[in-house]
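Presented below is the structure to which this report refers.
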Amino acid sequence: MFRSARLKLTAWYLFVIMLVTISFSTVVYVSVARATQHALVTQWGRMERQFSGYGGPRGVPMFDAETLNEVRQRTLWVLIGINSAVLVISGTLGYLLAGKTLKPIEDMVGKQKRFISNAAHEIKTPLTAMKTNLEVTLRDKDLTVADSRKAFTSTIEEVDKLSKFTNRLLQQSKYQNGLAHYTADIDLEKLLQKVVERLKPLADKKSQTFEVRDGKALVKGDRDELSELFTNLIENAVKYSETGQTIKILLSVEKSCVLFMVEDSGKGINKEDLSHIFEPFYRADKSRTDSGNEGYGLGLAISKEIVHRHKGHISVESVRDKGSKFIVRLPKPPHSA
Ligand code: ADP
């Protein structure tokens, strides 16, 4: 599809360039023909005047009709040569340029295709589980009330998964709208305390402790989005750390920005995965996520969009089996301390 689009775009580039050069060449050719014709006529006139009184020979003209034709022919060949060179050079350059022009669109379409296929896969899994569950229950002639309760509970779990997933998808598409203009001042210290309080039971389940160092920090932003950002990063630290480990959370104000950092000493991320983990549906270690750590690979993609909407920057430092550090920098509101 993109190959034919590239060829079509190249043809359009060539059409425009050749239209210009051929028009220009025509003008040059006509001008040269006219100029030589004019020179010939002027020369004959001058000679007529010079020799009309003497009655002798009129001399030899510098230009005659043959020379004029030769000049025209040469001009024509030079112009054909130039136009052929322009055709070849601009064809090659046009093809390269068309490739460059279409590359971002090709990448975007590829990303969208992957997104749709991943989303469809995530939806298909719980749907299949639900269908199997219901079919088995329906076929069982000796079904007890306890059995049917079990089957329904399991179906509801799958429905919950589906609804959680669609909510994540909606968030992802909502936040993809690019930069936003925020006017509200958000007290990040208070917001962080709430998020930490809400996630404490999750950490308690794994006997993990939060070591929080925070201070007064204001940013212009959206409370729900920033709460989502803090939640995603802290939840991941809990999810990907071992039992009993400590998770360090830092909120501080720097010279020109507000710094938020979550550091764990968990499993870490492989070097080759680091550049991909902010892509939707990317999971660094599928076997690990399959073995207990549920997730769709959307949390970091959503976090990145939120940071981007707040004109901030998110980065990660991680060493396999040593731990990870997620660093978020958000711009300080103007005139704040
Ligand atoms: P998921 O729902 O799978 O956690 P995320 O987008 O939040 O999706 O994260 C993407 C992947 O990045 C995860 O599957 C995991 O492999 C890796 N990851 C994220 N945070 C951490 C962390 N703190 N420690 C180790 N790996 C992490």
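Counting from 1, the numbers follow the sequence of the chain as shown. Each ligand, and each atom within it, is numbered from 1 in the order the structure gives. This structure is a prediction, so every number in the text was calculated from the model and none was measured.
For ligand 1, the atoms lying closer than 4.0 Å to a non-hydrogen atom of L300 are 5 (P), 6 (O), 7 (O), 9 (O), 10 (C), 12 (O), 19 (C). The distance from ligand 1 to the heavy atoms of L298 drops below 4.0 Å at these ligand atoms: 6 (O), 8 (O). Proximity to Y282 (heavy-atom distance under 4.0 Å) selects the following atoms of ligand 1: 10 (C), 11 (C). In the vicinity of Y296, heavy-atom distances shorter than 4.0 Å reach the ligand 1 atoms 2 (O).
Using cut-offs of 30° and 60° on the angle between ring planes, the pair F281 and F115 is perpendicular.
Among K174, R168, R198, R223, the one residue that satisfies the salt bridge (charged side-chain N to carboxylate O under 4.0 Å, His left out) test with E228 is R168. Of the residues listed (K332, K190, K220), the one engaging D185 in a salt bridge (charged side-chain N to carboxylate O under 4.0 Å, His left out) is K220, and it is the only one.
More than 12 heavy atoms of other residues, nucleotides or ligands lie within 6.0 Å of NZ in K311, so this atom counts as buried by the packing criterion.
Compare F281, F278, Y240 by their heavy atoms: the one nearest to atom 18 (N) of ligand 1 is in Y240. Of the candidates G266, G295, G299, G295 brings a heavy atom nearest to atom 2 (O) of ligand 1.
Taking any N or O of A284, backbone or side chain, at least one lies under 3.5 Å from an N or O belonging to ligand 1. In terms of polar-atom proximity, defined here as any N/O pair under 3.5 Å, G297 does make such a contact with ligand 1.
The hydrophobic cluster containing V238 does not contain I327, counting ILVMFWY residues as joined when their side-chain heavy atoms lie under 4.5 angstrom apart, directly or transitively.
By the 4.0 Å N-to-carboxylate-O rule, E122 lies close enough to R283 to be salt-bridged with it.
At least one heavy atom of K239 sits under 4.0 Å from some atom of ligand 1. Heavy-atom distances between I269 and ligand 1 reach below 4.0 Å in at least one pair.
For the pair R6 and Y95, the distance from NZ or CZ to the six-membered ring centre is under 6.0 Å and the angle to the ring normal is within 45 degrees.
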